[in-house]
Asks: 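What follows is a single structure, and I will ask about it in a moment.
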Amino acid sequence: MKQFRQRLYHRKPTHTVLPGVDSHTLCQYNFSLRQPGLFHQFTESHMRIIQTSIPDLLILEPKVFGDERGFFMETYQARQFSELGLPTHFVQDNHSGSRQGTLRGLHYQIRQAQGKLVRVVSGEIFDIAVDLRKSSPSFGKWVGATLSTQNKHLFWIPAGFAHGFYVLSDWAEIVYKATDYYAPAWERTILWNDPDLAITWPLIDQLPPVLSAKDGAGLRFSTAETY
């Protein structure tokens, strides 16, 4: 399966939007999706993979089993993640809640870099990842995706990226798994509206976002430490 995924990354890009991608899903340039049809069926892991314009950033769509009582879905299973070539070692789970208009980010750890598996358990957010790997062809590019309790998508963000999100609903709660421990001494913040990144945030009524003092004082991308 890992070799199969690697071959798919090198297919000729297409700008066709894969069914199931939320209409708010944005990126700095069009998604380069897998060849249409290849992943329209769920694998045995009950997880569909949607590739973004940056191959290492993946949107995961779990298969949801529902009836009149409610629903059930698997959001993580080590053996199945391994079969899909995804990480299986997470050391920390985080849970945060934020009111509408709050923007958190862009955060990363310059050492003990964290990979993150992000999902929303209440409400809706616009989630962003920025490539900070100097050796990457997508260095300085970003991908954004709408995550919500309705679409139940997960966003896999490997180490080497800055992460941030903006709350679209009245209230949102975000849960994410991390591949390394939180290390405040190595935490860094890039300015959310840095003009060099030119992130298209879907600000409600074009009002300024609600920021922490730390996030409001983030560094410019041009001066930030990168990998």
Side-chain angles (χ1 to χ4, degrees), residues 18-27 42-43 45-52 57-82 84 86-109 114-130 142-159 161-182 187 192 199 201-204 209-212 215:
L18 194 66
V21 177
D22 190 276
S23 61
H24 288 107
T25 300
L26 303 172
C27 60
F42 287 93
T43 66
S45 66
H46 297 147
M47 190 75 69
R48 186 171 69 138
I49 298 177
I50 302 170
Q51 184 183 334
T52 73
L57 294 172
L58 300 173
I59 297 171
L60 310 179
E61 182 182 25
K63 188 172 184 178
V64 180
F65 301 88
D67 57 27
E68 68 279 359
R69 300 167 300 164
F71 72 90
F72 171 85
M73 64 180 183
E74 291 183 0
T75 60
Y76 172 74
Q77 205 250 54
R79 181 176 62 249
Q80 295 169 348
F81 267 50
S82 178
L84 292 170
L86 295 172
T88 60
H89 181 67
F90 296 96
V91 299
Q92 183 171 329
D93 280 10
N94 299 325
H95 187 162
S96 72
S98 305
R99 66 181 177 88
Q100 186 179 70
T102 296
L103 192 154
R104 298 182 186 271
L106 302 161
H107 302 152
Y108 63 104
Q109 292 182 175
Q114 295 176 305
K116 297 177 180 179
L117 183 65
V118 186
R119 66 187 182 99
V120 167
V121 296
S122 175
E124 182 178 46
I125 68 170
F126 184 65
D127 209 41
I128 286 285
V130 180
W142 58 271
V143 165
T146 298
L147 307 180
S148 70
T149 50
Q150 285 71 39
N151 65 30
K152 296 179 173 56
H153 287 175
L154 294 85
F155 195 11
W156 164 241
I157 304 170
F161 287 79
H163 173 244
F165 64 86
Y166 175 76
V167 178
L168 297 167
S169 53
D170 289 340
W171 176 261
E173 295 190 25
I174 298 90
V175 173
Y176 62 94
K177 306 178 80 67
T179 59
D180 209 333
Y181 297 103
Y182 174 58
E187 187 177 30
W192 68 277
I199 296 173
W201 295 99
L203 301 179
I204 297 170
V210 179
L211 301 168
S212 68
D215 291 349

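Remember, predicted model here, so these are calculated numbers, not experimental data.
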Asks: Could you list the residues that satisfy side-chain hydrogen bond (donor to acceptor under 3.5 Å, both in side chains) with His95, not counting sequence neighbours?
Replies: Glu173
Asks: What I'd like to find out is whether the side chain of Ile199 reaches to under 4.5 Å of the side chain of Val130, using heavy atoms alone.
Replies: yes
Asks: Any sub-3.5 Å donor-acceptor pair from Thr179's side-chain atoms to Gly115's backbone N or O?
Replies: yes
Asks: Answer yes or no: is there a donor N or O on one side and an acceptor on the other, between the side chain of Tyr166 and the main chain of Ile128, under 3.5 Å?
Replies: no
Asks: Are any side-chain N or O atoms of Trp192 and backbone N or O atoms of Gly164, one a donor and one an acceptor, separated by less than 3.5 Å?
Replies: no
Asks: At their closest point, which heavy atom of Phe161 faces which heavy atom of Ala129, and how far apart are they?
Replies: CD2-CB, 4.2 Å
Asks: Write down the atom of Phe155, the atom of Asp127, and the distance for their closest heavy-atom approach.
Replies: CD2-OD2, 3.2 Å
Asks: Closest heavy-atom contact between Pro202 and Phe126?
Replies: CD-CD2, 3.3 Å
Asks: Nearest 0.5 Å please: distance from the CE atom of Met47 over to the CG atom of Leu154.
Replies: 5.5 Å
Asks: For Lys152, enumerate each residue passing the side-chain hydrogen bond (donor to acceptor under 3.5 Å, both in side chains) test, keeping only those at least two apart in sequence or located in another chain.
Replies: none
Asks: Roughly how far, to the nearest 0.5 Å, is the CD1 atom of Ile50 from the CG atom of Leu58?
Replies: 10.0 Å
Asks: Write down the atom of Leu57, the atom of Ile157, and the distance for their closest heavy-atom approach.
Replies: CD2-CA, 3.9 Å
Asks: According to side-chain hydrogen bond (donor to acceptor under 3.5 Å, both in side chains), who are the partners of Arg104, at least two apart in sequence or on a separate chain?
Replies: Ser98
Asks: Only one of Ile174, Thr146, Leu168 clears side-chain contact (heavy atoms from CB on, under 4.5 Å) with Ile125; which?
Replies: Ile174
Asks: Not counting sequence neighbours, which residues clear salt bridge (Lys or Arg N to Asp or Glu O under 4.0 Å) with Asp93? List them please.
Replies: Lys177
Asks: Can you list the residues that meet the side chain to side chain contact (heavy atoms under 4.5 Å, CB included) rule with Gln77, with sequence neighbours excluded?
Replies: Glu74, Arg79, Gln80
Asks: Go through the structure and list residues passing ring-ring contact (aromatic ring centres under 6.0 Å, His included) with Tyr76, not counting sequence neighbours.
Replies: Phe81, Phe90
Asks: Check salt bridge (Lys or Arg N to Asp or Glu O under 4.0 Å) between Arg69 and all other residues, then give those that pass, not counting sequence neighbours.
Replies: Asp67
Asks: Search all heavy atoms of Ser169 against all heavy atoms of Gly123 and return the closest pair with its distance.
Replies: OG-CA, 3.3 Å
Asks: Are any side-chain N or O atoms of Thr102 and backbone N or O atoms of Val167, one a donor and one an acceptor, separated by less than 3.5 Å?
Replies: no
Asks: Please check if the side chain of Asp215 supplies one atom and the backbone of Ser212 the other of a donor-acceptor pair under 3.5 Å.
Replies: no
Asks: Mind checking whether His153 and Glu61 have side chains closer than 4.5 Å, heavy atoms only?
Replies: yes
Asks: Of Gln109, Gln92, Gln114, Glu187, which is the lone residue that meets side-chain hydrogen bond (donor to acceptor under 3.5 Å, both in side chains) with Tyr182?
Replies: Glu187
Asks: Kindly give the heavy-atom pair with the smallest separation between Leu117 and Thr75, and that separation in Å.
Replies: CD2-O, 4.2 Å
Asks: Tell me every residue that passes side-chain hydrogen bond (donor to acceptor under 3.5 Å, both in side chains) with Tyr176, counting only those two or more places apart in sequence or in another chain.
Replies: Asn94
Asks: Only counting residues at least two apart or in another chain, list the ones meeting ring-ring contact (aromatic ring centres under 6.0 Å, His included) with Phe65.
Replies: His46
